[in-house]
S.K.: 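Could you have a look at this structure, given as structure tokens, before my questions?
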2 protein chains.
Amino acid sequence: MTVLTDHTAAREAVDAGLRAAAARLPAPAARIAAYHFGWTDASGSPVQANSGKALRPLLTLLAAKAVGSEAGWRQAVPAAVAVEMVHNFSLIHDDIIDRDSLRRHRPTAWKVYGVNDAILVGDALHALAFEIIAESGGDRVPAGTSLLAQTVRALIEGQLADTRFESRDRVELAECVAMSEAKTASLMGCATALGALFGGGTPQQVDALRDFGYRLGLAFQHVDDLLGIWGDPAVTGKAVYSDLRNRKKSLPVTAALDSGHPDASELAAIYGATGQLTEAELRRAADLVEACGGRQASRRSAELLTEAATGSLSVEGLRAEAVEELTGLAASTVHRAN
Amino acid sequence: MTVLTDHTAAREAVDAGLRAAAARLPAPAARIAAYHFGWTDASGSPVQANSGKALRPLLTLLAAKAVGSEAGWRQAVPAAVAVEMVHNFSLIHDDIIDRDSLRRHRPTAWKVYGVNDAILVGDALHALAFEIIAESGGDRVPAGTSLLAQTVRALIEGQLADTRFESRDRVELAECVAMSEAKTASLMGCATALGALFGGGTPQQVDALRDFGYRLGLAFQHVDDLLGIWGDPAVTGKAVYSDLRNRKKSLPVTAALDSGHPDASELAAIYGATGQLTEAELRRAADLVEACGGRQASRRSAELLTEAATGSLSVEGLRAEAVEELTGLAASTVHRAN
């Protein structure tokens, strides 16, 4: 996905904001943040690493552009930076909790710097997000802060559910959808809502853009979960069949297990067994998810949600050019390969 | 210390605010928060446990009273609740990092619920603090949010320094003071500054009350570190000589090691040795801290800082009755037994 290459000014503004904010951190935390964001390697030397898609801050800035003037997106840069800070704080803590050792093709922060420092750096980015919103000034600060804090609560709710799913034999599709909404859709909805708020949108526009981000976020998670099974490891940076390997109860897997299809019990048996899965079992599990309709269900959900997201943009008074960019972003999200 | 028994209305307002805020958490997080705050036992049954001193929220409310009307402290209740939320989020994360298994005479949150859930509950309380400030409304939200976020950064800076001291042979007294300022004084200064801000104080009054809280906070840490060596285990809830047992480079220990006294090298040798210290070694270490002047230095610092804190209250326009309460609180802090 190359969504930001067409948005150089936005990308640069967010990058500058992130770097300026991270520079306020105490030295050991600044070092770890710079590594996590892909600005330096583990020895502290500057690198041009993959900093992630920066999809959320772009959503914020495009939402601001949609409700305001051509240059009005600049007012929403602090909100975009804050959203990206929250996203990265949650990634750092989730990697500790999930014991994930790779992110963006590199060892995770806790793997390089230890769990203790990674907890503290996550906390520091979390606080920075609120500091940046507060400093942006104006009468949008209370509403923006409140929305961001409620979103963090949703992220935590999602992560708590996710960790509990692992030890359960069965998870219903509705629970899995609710978890994905909390973990992914809520922050994308917050990203676009904050953009509309800081761009000076009407309450109707803020609501419409939140709906857009929320639906797109859930579509994004469906695609993410498809890539977690059928993604190209060279592109995703994850092992082949990685989600199956970890017996993750992702959206397509849950849809398959919950399908009532005769093959679902074989899939449940593979997920219920103990010990590492062989390559043959992984291939078989992927085929079973497909046979039970899980692959098709997530693909279809992603498409319907993207359509619904685009539909949210029919609210009055949005700038046509920005609507086109948001629609394009939604399309590229659902057709992405990583 | 029974500071809050004389302030029933304040204590009840803070308690109600904390409980209402915690009730918003997703169920598993609410359960852990209720345990941590001492409202329930590990099985979820309501108890009357020791919820901690609640010194910080009381400081906030007294600061508000000092700058406003008799009943004006009620305006600062959200700020008091937010400060207590931040304090408890940092306790939960610090207990994980320090591998502390007891707090307020009970097993710590991570000991009962595991590290993963404890990380997430800490994150949730952290976000709640900002949500409460944001919802309090009014034009003090940006300044209050900004101050609270900067304070979290200071807490993290202090905790990062503290964990690094453990692996160092030598820590200078100035470094140890700076760490204590970041870890303890900053949040107490934030507590009183927010109280003055939300109580409607002038900028001069806000500054003066921040100075009061900050100095009192550092005095508090000196006393805490004295109790960590010579405190009565039945009162403090910690093991006898607990800080020496953990070879903590606390303020009196650092003052002793940094004293140039001939006995300092024997103390350094005990701290530099590996393996568990015997009871005889612990007694000897405590005597050496005293012989090198560490006990006296911290006691004297606590007294001078408390005097200086009281001196900060000479700013114009504070209510005499509240000043007296703050002065009394300062005196009871420096003479407390736990």
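Every chain is numbered from 1, with letters handed out A, B, ... down the list of sequences. All of these numbers come straight from a predicted model, not from anything done at the bench.
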S.K.: Flag the pair Glu135(B) and Arg24(B) as a salt bridge only when some basic side-chain nitrogen lies within less than 4.0 angstrom of an acidic carboxylate oxygen.
M.R.: yes
S.K.: Between Ile156(A), Asp123(A), Val86(A), which shows the greatest number of heavy-atom pairs under 4.5 Å with chain B?
M.R.: Asp123(A)
S.K.: Of the non-hydrogen atoms in Leu148(B) and Cys190(B), which two are nearest, and what is the gap between them?
M.R.: CD1-SG, 3.8 Å
S.K.: Does a side-chain N-to-carboxylate-O contact under 4.0 Å join Arg247(A) and Glu166(A)?
M.R.: no
S.K.: Using a cut-off of under 4.5 Å for heavy-atom pairs, which of Asp139(B), Ile119(B), Val115(B), Asp98(B) has the most such pairs with chain A?
M.R.: Ile119(B)
S.K.: If you count heavy-atom pairs under 4.5 Å between each of His126(B), Arg164(B), Glu157(B), His93(B) and chain A, which one has the most?
M.R.: His126(B)
S.K.: Does the structure place the NZ or CZ of Arg106(B) under 6.0 Å from the centre of the six-membered ring of Tyr35(B), at an angle of no more than 45° from the ring's axis?
M.R.: yes
S.K.: Counting heavy-atom pairs closer than 4.5 Å to chain A, which one of Asp117(B), Val152(B), Ile96(B) comes out on top?
M.R.: Asp117(B)
S.K.: Find the distance between CZ (Arg56(A)) and NE2 (His87(A)) and round it off to the nearest 0.5 Å.
M.R.: 3.5 Å
S.K.: Is it the backbone or the side chain of Leu155(A) that comes under 4.5 Å from a heavy atom of chain B, or both, or neither?
M.R.: neither
